[in-house]
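These numbers come from the heavy atoms of this one structure, side chains and all, not from hydrogens, waters or symmetry mates. Remember, it's a predicted structure, so these values are computed and weren't measured experimentally.
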Amino acid sequence: MFLRRLSLPVISRFGVTYKRLASTKSLKETIEEVIPVKQAHLKKLKTEYSDVSIGDVKVGNVIGGMRGLRAMLWDSSVLDPEEGIRFHGLSIPDCQKALPAAPGGKEITAESMLWLLLTGQVPSAEQTQQLSRELAQKGNLPPFVEKLVDSLPGTLHPMTQLGIGVAALNRDSSFQAAYERGIKKSEYWTYTLDDSINLVARLPALAARIYRNVYKPGAALPEIDPNLDLVGNYSRMLGYGDNHGLTEYLRLYISIHGDHEGGNASAHTAHLVGSTLSDPYLSYAAALFALAGPLHGLANQEVLRWQLSMLKEVGEDVSHDTIREYLWKTLKSGQVVPGYGHGVLRNPDPRFIALQEFCESKPELLSSPIIQLTYEVAPNVLKEHGKTKNPYPNVDAASGCVLYHYGLTEFKYYTVIFGVSRALGCVTQLVWARALGLPLERPKSYSLEAIEQLANSGRP
């Protein structure tokens with residue numbers, strides 16, 4: 001954890017002294033003042049702790065998806081198995097209290113979360129609105145990308161289209177152009193930040209265009225409103241600008257889903273590709289294709305498909321008993337119940353709890369059996385079943401259901417919304433990887449025979 005509040009006038013950390021930032025500072029100016037602190041901290045770690053072990057590597061780690069290995073620097077968020085996610089030390093409830101909401105709304109904005117992730121500081125409302133205006137100004141797609149996306153067949157999965165569109169934006173990469181003409185390593189981060197802001201700004205227009213092309217062909221795409229925040233414009237371009245409930249839900253979902261430390265598949269992919277000095281467009285396009293996998297970003301649509309299948313079978317007789325019977329039917333057939341358990345968490349997902357509280361504040365959602373009943377029954381059934389390390393609901397248990405209730409019923413599109421969200425954390429890591437001069441990622445691999453030999457010899 002580092003900077004949280006704007007109240008203290010002077011900060012001294014790792015030998016660097018600087019003034020606490022004024023609320024009129026831009027995002028780039030704020031990052032610029034924080035960089036020396038982070039660089040000094042990294043230098044201290046290299047100098048004093050490079051040879052210190054922070055864990056061991058077991059054969060099970062190597063052949064089990066590298067689960068639990070402490071092998072990656074990701075500064076913007078930390079995921080604790082018991083407590084859940086924290087962003088620079090702030091829990092989701094902390095963020096909901098501290099981060100500015102959109103004008104006329106109650107939920108935090110993507111802009112305020114992006115500011116927190118990039119700087120470690122809570123922005124003022126003025127700073128958040130300044131960033132909203134910048135994103136709106138930069139949010140239009142280049143005509144060639146519009147033409148490219150419009151030429152794609154409607155049968156092509158929306159996530160494939162999103163990855164293609166993001167990769168194509170690489171034509172205008174500030175980082176790539178600067179690298180080709182020759183720049184100092186100390187300047188890498190500034191051009192990476194330029195690309196990152198442009199990417200975040202353009203994602204809503206790109207994602208909305210894909211939605212309109214695939215599901216509402218011929219429908220006009222509204223212009224970006226300079227007076228709206230990023231998600232307000234996204235909802236408007238999707239065609240749901242008048243749906244206040246959905247817009248508020250999207251603000252909450254995109255903000256709290258924006259970063260979940262660096263070990264998940266999409267975040268790690270962005271970091272890995274970025275470590276080759278690929279620009280943010282190419283790095284995040286790669287991350288999106290990781291996100292498109294059924295074991296990662298497609299989970300929320302699988303939850304909703306399962307729940308609608310349950311409702312179709314039990315009809316209007318939705319109760320704890322009928323849900324319990326259907327849960328056991330699913331498990332006895334050898335299938336998993338989607339939306340429960342997590343690769344790291346061992347308690348209920350704080351993101352799920354935030355979405356649950358959102359639902360409980362909306363009378364129209366309280367009456368939905370899809371949203372309310374399943375997670376009341378499933379944990380006990382999964383505990384009885386005994387094969388799930390974490391029987392509690394994760395964020396996917398509710399996220400798709402709320403979208404469906406508010407009228408956004410196209411399952412295959414849900415992961416695109418996830419893709420708009422996860423950019424917040426991935427671009428943050430790309431900027432800081434360049435600011436800190438992190439190296440190319442290159443772990444060591446071994447064959448089955450070599451692993452067995454190492455294990456028998458007892459060598460590290």
Side-chain angles (χ1 to χ4, degrees), residues 139-173 176 195-196 198-219 221 234-235 237-240 250 253-254 257-258 260 264-274 276 278-305 338 396 399-400 403-404 408-427 430:
N140 288 313
L141 296 174
F144 85 94
V145 174
E146 294 180 344
K147 185 177 180 180
L148 171 64
V149 173
D150 292 348
S151 73
L152 298 174
T155 53
L156 192 62
H157 195 288
M159 280 298 289
T160 308
Q161 297 193 39
L162 185 64
I164 290 171
V166 168
L169 289 170
N170 144 274
R171 188 203 70 169
D172 298 332
S173 169
Q176 184 184 63
D195 280 351
S196 296
N198 284 330
L199 171 58
V200 171
R202 291 171 172 177
L203 274 173
L206 175 58
R209 195 172 197 91
I210 293 168
Y211 179 78
R212 293 297 186 109
N213 286 348
V214 174
Y215 302 110
K216 301 182 186 297
L221 195 66
Y234 182 31
S235 181
M237 288 187 285
L238 287 172
Y240 295 93
L250 286 173
Y253 175 86
I254 288 174
H257 230 55
H260 213 232
N264 65 77
S266 55
H268 188 193
T269 299
H271 173 73
L272 171 63
V273 177
T276 71
S278 283
D279 62 67
Y281 302 110
L282 296 181
S283 301
Y284 195 59
L288 288 169
F289 292 127
L291 190 65
L295 294 182
H296 192 11
L298 294 191
N300 58 4
Q301 70 186 50
E302 296 301 319
V303 171
L304 184 56
R305 184 178 288 111
D396 298 311
S399 58
L403 295 171
Y404 191 88
L408 209 163
T409 59
E410 296 84 5
F411 293 3
K412 286 187 176 181
Y413 188 78
Y414 290 175
T415 313
V416 173
I417 301 172
F418 193 169
V420 173
S421 169
R422 189 47 60 88
L424 305 181
C426 288
V427 301
L430 294 172

Least distance between heavy atoms, [X] atom then [Y] atom:
X      : Y      : value
Ala270 : Leu430 : O-CD2, 3.5 Å
Thr269 : Ala265 : OG1-O, 2.6 Å
Ala208 : Leu238 : CA-CD2, 4.0 Å
Ser235 : Leu250 : CB-CD1, 4.1 Å
Leu203 : Ala423 : CD1-CB, 3.4 Å
Cys426 : Ala267 : SG-CA, 3.8 Å

Minimum side-chain heavy-atom gap [X]-[Y] below 4.5 Å:
X      : Y      : answer
Tyr211 : Glu410 : yes
Ile164 : Leu156 : yes
Tyr281 : Arg171 : no
Val166 : Phe289 : no
Asp150 : Arg209 : yes
Val427 : Leu199 : yes
Asn264 : Arg422 : yes
Tyr414 : Leu403 : yes

Exam field: side chain [X] to backbone [Y], donor-acceptor pair closer than 3.5 Å:
X      : Y      : result
Thr409 : Tyr404 : no
Tyr284 : Gly419 : yes
Gln176 : Asp279 : no
Thr415 : Ala292 : no

side-chain contact (heavy atoms from CB on, under 4.5 Å) between Met159 and Phe418, worked out: CA-CA 10 Å; Met159 280 298 289; Phe418 193 169; over 6 Å; no

I need the [X] [atom1] to [Y] [atom2] distance, nearest 0.5 Å.
X      : Y      : atom1 : atom2 : result
Thr276 : Leu282 : OG1   : CG    : 8.5 Å
Leu408 : Tyr240 : CG    : OH    : 4.0 Å
Leu162 : His157 : CG    : NE2   : 11.0 Å

Trace of the side-chain contact (heavy atoms from CB on, under 4.5 Å) decision for Leu221 with Glu146: CA-CA 11 Å; Leu221 195 66; Glu146 294 180 344; over 6 Å; no

Qualifying residue for side-chain contact (heavy atoms from CB on, under 4.5 Å) with Pro280, from Asn170, Asp195, Leu169: Asp195

Derivation of the side-chain contact (heavy atoms from CB on, under 4.5 Å) call for Asp172 and Phe144: CA-CA 11 Å; Asp172 298 332; Phe144 85 94; 4.2 Å; yes

Aromatic plane relationship, Tyr234 with Tyr413 - under 30° parallel, 30 to 60° tilted, over 60° perpendicular: tilted

